[in-house]
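This report concerns only the one structure given below.
Atoms within a ligand are numbered from 1 in the order they appear, just like the ligands themselves.
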Amino acid sequence: MSKKKVLITRRWPDVVEAKLKALYDVTLNETDMPMTGAAMRQALMDYDAVCPTVSDKVDAAVLEVTEPRAKILASYGVGYSHIDTDAAKKAGIMVSNTPEVLSECTADLAITLMLMAARRAGEGEREVRAHKWTGWRPTHMIGTKVSGGVFGVLGFGRIGREAAKRAHFGFGMKIIYFDPFPVKPELAAELGAEKRDTIEDVLREADVVSLHMPGGKDNYHLINDARLALMKPTAILVNTARGEVVDAKALVRALKAGTIVGAGLDVFEGEPNIDEDLYSVENAVLLPHLGSATASTREAMGWRVLNNLEAFFDGRTPPDRVA
Ligand code: DGY
């Protein structure tokens, strides 16, 4: 029997690509250049499975296909707001993602950002590298103590809970959270986490607010001028979720005005094109979407896609089917 034709849109870890080659008639992306929408639409007609990732825009225009050969978009990444799932459904294409395996590393990065913003690590490093450090003094680059503070989680799913676990057990922080969906009481209880009824309640009370909700239109600019104004002037905002959840212009205003003391951002609306004003805001830590970027996690994400493909080609429901 001839091998199934599979396309992956970007470079993946070597070991995963080697396995894909062994199992399928796979087309890799050796140059690692993003694919155009037109090329992706064509791929849906030419391949049995297409494997995009979080930086590919698989919108309604790409999915404007009739009788595509591909009946699955086996995406590499947990977030899937880059795929128009309604359009995929209309085209008869199912969608899967790669949950769980990246929760710990993404949570680690949320804590990295919290600490970098609180302790002004980015600013400090820039000062040293610029040969501008003039030595220790009692008033030099004073930051914010996070230990013992209140860690507010918006979106108490797997990644949010992992971040809360680190904040609670590592830094003795009290955990409060808001999630629009029910959370199993035992998952909150193990962290002593207290539910709040609204996003606003969390924003008013937290010393650090960490965002962990999905992107897409439902949470577009959820953090805006009005909500930032509710935060403490000593508070820090951390975003490892999706860029569009935060109105970057409002955040720049809040950071410049001292409405909040700092922010740590791993994701940006329209990334890699970052809102120009953010570059000059010293109290914003900016990282290039590194949440899941560890060798073992990126491999695990690949294995997760392979499981989904295997199930799909066996005629079973992919374990991580999301649409
Ligand atoms: C995801 O998988 O959605 C992450 O943003 C990639 O790190």
Side-chain angles (χ1 to χ4, degrees), residues 8-13 16-17 29 32 34-35 40 50-59 72-85 88 94-114 116 153-163 166 179 210-220 222-223 237-246 248 263-274 285-309 318-323:
I8 65 173
T9 62
R10 301 300 294 263
R11 287 300 316 270
W12 286 12
V16 185
E17 288 192 348
N29 180 349
D32 205 18
M35 282 177 70
M40 219 166 320
V50 173
C51 306
T53 189
V54 298
S55 48
D56 293 314
K57 197 169 166 200
V58 193
D59 58 12
I72 184 168
L73 283 162
S75 191
Y76 179 101
V78 65
Y80 53 93
S81 56
H82 56 290
I83 300 176
D84 184 329
T85 49
M94 69 174 80
V95 179
S96 63
N97 70 344
T98 63
E100 292 162 13
V101 289
L102 45 66
S103 305
E104 290 182 317
C105 282
T106 307
D108 290 348
L109 201 85
I111 298 299
T112 305
L113 286 169
M114 170 181 82
M116 285 184 75
V153 181
L154 296 180
F156 208 56
R158 291 186 193 99
I159 301 173
R161 291 197 304 273
E162 285 295 334
R166 284 152 178 72
D179 197 296
S210 196
L211 306 178
H212 299 286
M213 66 283 283
K217 51 184 183 326
D218 290 349
N219 292 323
Y220 184 77
L222 188 96
I223 302 298
L237 181 74
V238 172
N239 190 7
T240 53
R242 280 294 180 265
E244 67 266 21
V245 175
V246 177
L265 310 173
D266 187 43
V267 285
F268 304 87
E269 187 174 353
E271 64 186 47
N273 302 313
I274 295 176
V285 177
L286 314 177
L287 294 182
H289 205 148
L290 295 178
S292 62
T294 64
S296 58
T297 294
R298 289 285 164 87
E299 285 177 15
M301 291 163 72
W303 300 136
R304 203 90 189 192
V305 177
L306 280 169
N307 282 346
N308 288 316
L309 288 176
D320 303 317
R321 181 175 179 177
V322 289

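An N or O contact shorter than 3.5 Å is missing between Gly77 and ligand 1 by distance.
With respect to Glu162 and Arg166, a salt bridge is recorded, a charged nitrogen being found less than 4.0 Å from a carboxylate O. Checked for salt-bridge contact, Arg11 and Glu17 meet the test: a charged N lies under 4.0 Å from a carboxylate O.
Close approach of ligand 1 to Ser292 (heavy-atom distance below 4.0 Å) involves ligand atoms 6 (C), 7 (O). Remark: ligand 1 atoms within the under-4.0 Å shell around heavy atoms of His289 are 4 (C), 5 (O), 6 (C), 7 (O). For ligand 1 and Gly79, the ligand atoms under 4.0 Å from any heavy atom of the residue are 1 (C), 2 (O), 3 (O). Numbered from 1 in the order shown, with element, the atoms of ligand 1 that lie under 4.0 Å from a heavy atom of Leu102 read 2 (O).
Protein heavy atom closest to atom 1 (C) of ligand 1, with residue, atom name and distance, is Val78 N, 3.4 Å.
Looking only at atom types and distance, the side chain of His289 has no donor-acceptor partner in the side chain of Ser55 under 3.5 Å away.
Side-chain atoms of Asn239 never come within 3.5 Å of backbone atoms of Leu265 as a donor-acceptor pair (strictly under, hydrogens ignored). Without hydrogens or angle criteria, Thr53 side chain to Tyr76 main chain gives a donor-acceptor distance under 3.5 Å.
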